[in-house]
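First the structure, then my questions, so here it is.
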Amino acid sequence: MKRSSGILTPVFSLPSDYGIGSLGKNAYEFVDFLKAAGQRWWQILPVGPTVANDSPYTSLSTFAGNPLFIDLDKLSEEGLLMPSELKDAQVPQSDEIDYANLHETRLTLLRKAFSRITPETAQAARAFRSRHPWVRDYTLYQAVKDYYNGLPWYEWPDEAIRRHDPNAVEKWHSDLEKEVAYHTWEQYCFFKQWHELKKYANEIGVGIIGDLPIYVSLDSSDVWSERNQFLLDSKGKPAKVAGVPPDYFSEDGQLWGNPLYNWEVMRNDGFGWWIRRVEGASALFDVIRIDHFRAMESYWAIPANATSAKTGQWEKGPGMDLLRVLTSWFHQLDYIAEDLGILTDAVHELRDASGLPGMKVLEFAFSGPDNAYLPHNYIKNCVCYTGTHDNDTIKGWYNGARKDEKAFVKLYLGAEDAESARIALLRWGQGSIANLFVAQIQDYLGLGSEARINIPGIAEGNWKWRLKSGCLTDKLAKEIRELTWTYGRCDAKVYEPKDQSKSKSKPKIDKTGVKK
């Protein structure tokens, strides 16, 4: 990567009139803001379909897109939704996403839109399915799951479809043809809108950094359709599950519950499942952040019946066998190693052998001069973050920091309160030798703990924070760009936008949300 910077903002956090961020006009406006602010990268969180606590790291598929992100205005432009239906779907501006309401109302609205699609659109959706093999299994999985009122696949009464028996798969495809067609259209819609947005971003010089969760959910189309890739018993239940031991996020560790991979099977077939997975991600992102990179070296395996992550043990990961495959197959991609957590010399050696840049989190830095996260200890081949989606905002972090940390912040940064610490960390991050610097948008906005995205180890209340309309001003973009230019991360101090009137990618939308 060339010297550059980016901003971390989840898609769901974008402003919108409909209760959650989408791939519509506010996403395009955010890309424009990034460009004006001198940012080369937009980092997002996983964009797969979610359930339960709506964590983007607990998805029904590692390949599919989240239907909640489909832009309703674009569906209206296509004649699939009526103006009155759009008006009813509008949600008063709030600081948090109401997922329960969205799952009830938004998916009903999408089904209405599907009932009005043209034969040409139906054919385009079928062509989309034929080009992407994962769609066939995912859409049937969703259809059967709906038929059984949301039961996880390993509790489906029909034993044959539970086993993904080929004859049962064909029978259920036939029986649930209309439901499969709906879920196919849903994914066609998401990816059509996504690729239009990504094309526009790339054309004006903004790349997208996406997250690849290290594990997939037990109740997912991935595990249901390819059980042999995971350590499961004959009934589809795991003997051991994923998590992490006690660390700085949680004194009890974190019991994630994801099934573990059958690395022997994966290695024997040349890691084909991972190749297909990254191939899918490469259509969404320009750079992939490998979540929980340390599991590539060794991972924490916890008995499935355990009530705490403390009872796990370390087991050997795939190491360079897998990383060598991924880096050699996808030359167009860059990767970032999320080398956080309990690290060992072996993890550092694996990261260095892979050549991937690791992460330096400034909020972890203030224990003393030898701390590896302090900017004077960096190498160029790393990515500096103020904090990640798992961390508090700078202001929230400073207000909750220990006395000894605040004392060292004062010595190192000359900062004596939350606001001066915020300004100093942004400046030190931009000025660091790291090739890439990324900050959360909340830190540029000067927000506190009320804007935190996630608290690891806490199941409820996460993934809900939203940007308020109008907060991403020209003044803020100018300030960020000036800081970015000062430290050599963009090419000009002042932004002079090119005439976008000839752009074929970005729809012209007036302030009411209607395309001209």
Side-chain angles (χ1 to χ4, degrees), residues 45-46 52-53 55-58 211-218 231 238-261 263 289-319 336-351 358-368 370-374 385-394 396-406 408 449 452-463:
L45 301 187
N53 59 7
S55 165
Y57 295 88
T58 307
D211 231 4
L212 191 72
I214 188 67
Y215 295 114
V216 298
S217 301
L218 175 60
L231 291 175
K240 297 178 182 178
V241 295
V244 290
D247 60 11
Y248 41 64
F249 283 127
S250 173
E251 62 182 18
D252 292 325
Q254 298 175 49
L255 181 58
W256 296 337
N258 308 77
L260 299 174
Y261 297 112
W263 289 119
R289 190 190 84 138
I290 300 177
D291 173 61
H292 196 53
F293 176 84
R294 76 102 51 240
M296 293 287 179
E297 192 282 320
S298 56
Y299 54 92
W300 194 243
I302 307 164
N305 59 358
T307 58
S308 168
K310 290 181 177 180
T311 58
Q313 63 182 19
W314 292 109
E315 298 187 2
K316 199 65 178 173
I336 297 170
E338 193 230 18
D339 55 342
L340 305 177
I342 298 176
L343 305 182
T344 62
D345 290 343
V347 178
H348 293 307
E349 290 167 4
L350 178 62
R351 181 203 60 215
M359 292 174 54
K360 307 294 184 184
V361 180
L362 289 170
E363 290 182 11
F364 297 159
F366 296 95
S367 62
D370 295 334
N371 190 305
Y373 296 130
L374 286 172
Y385 288 81
T386 50
T388 75
H389 64 277
D390 282 331
N391 302 120
D392 210 332
T393 65
I394 295 175
W397 161 76
Y398 182 87
N399 289 330
R402 302 187 308 268
K403 286 185 178 180
D404 62 305
E405 289 178 303
K406 289 182 178 179
F408 195 70
S449 295
R452 183 167 183 168
I453 290 174
N454 177 50
I455 301 176
I458 304 296
E460 303 298 327
N462 299 314
W463 323 111

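Along the sequence shown, residues are numbered consecutively beginning with 1.
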**Item:** Aromatic centroids of Phe366 and Trp397 separated by under 6.0 Å
**Value:**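 Yes.
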
**Prompt:** Do Val361 and Leu340 have side-chain heavy atoms sitting under 4.5 Å apart?
**Reply:** yes

**Item:** Beyond-backbone contact of Ile214 with Phe293, side-chain heavy atoms, under 4.5 angstrom
**Value:**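 The answer is no, as the side chains (C-beta and beyond) never meet within the 4.5 Å cut-off.
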
**Asked** If you draw the axis of the six-membered ring of Tyr398, does the NZ or CZ of Lys406 fall within 45° of it and under 6.0 Å from the ring centre?
**Response**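 Yes; both conditions hold, so Lys406 lies above the ring face of Tyr398.
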
**Asked** Does Gly341 offer a backbone N or O that forms a donor-acceptor pair with the side chain of Arg294 under 3.5 Å?
**Response** no

**Prompt:** Side chains of Met359 and Ile336: does their closest heavy-atom pair fall under 4.5 Å?
**Reply:**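 The answer is yes, as the side chains (C-beta and beyond) meet within the 4.5 Å cut-off.
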
**Residues in side chain to side chain contact (heavy atoms under 4.5 Å, CB included) contact with Asn371, at least two apart in sequence or another chain** = Ala365, Ser367, Tyr373, Leu374

**Message:** Between His389 and Tyr57, do the side chains contain a donor N or O and an acceptor N or O under 3.5 Å apart?
**Reply:** yes

**Prompt:** What residue among Tyr299, Trp300, Trp256 forms ring pair (Phe, Tyr, Trp, His ring centres under 6.0 Å) with His292?
**Reply:** Trp256

**Message:** Can you list everything that forms a ring-ring contact (aromatic ring centres under 6.0 Å, His included) with Tyr261? Sequence neighbours excluded, please.
**Reply:**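 Only Tyr215, Phe230, Trp263, Trp273, Trp274 meet the ring-ring contact (aromatic ring centres under 6.0 Å, His included) criterion with Tyr261.
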
**Asked** Is there a donor-acceptor contact under 3.5 Å linking the side chains of Asp392 and Ser449?
**Response**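 Note: Asp392 and Ser449 side chains meet the donor-acceptor criterion.
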
**Residues that Gln313 engages under side chain to side chain contact (heavy atoms under 4.5 Å, CB included), provided they are two or more places apart** =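 Only Lys240, Glu315 meet the side chain to side chain contact (heavy atoms under 4.5 Å, CB included) criterion with Gln313.
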
**Asked** Is it true that Lys316 and Glu297 have a side-chain N and a carboxylate O under 4.0 angstrom from each other?
**Response**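 Result for this pair is yes, salt bridge flagged.
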
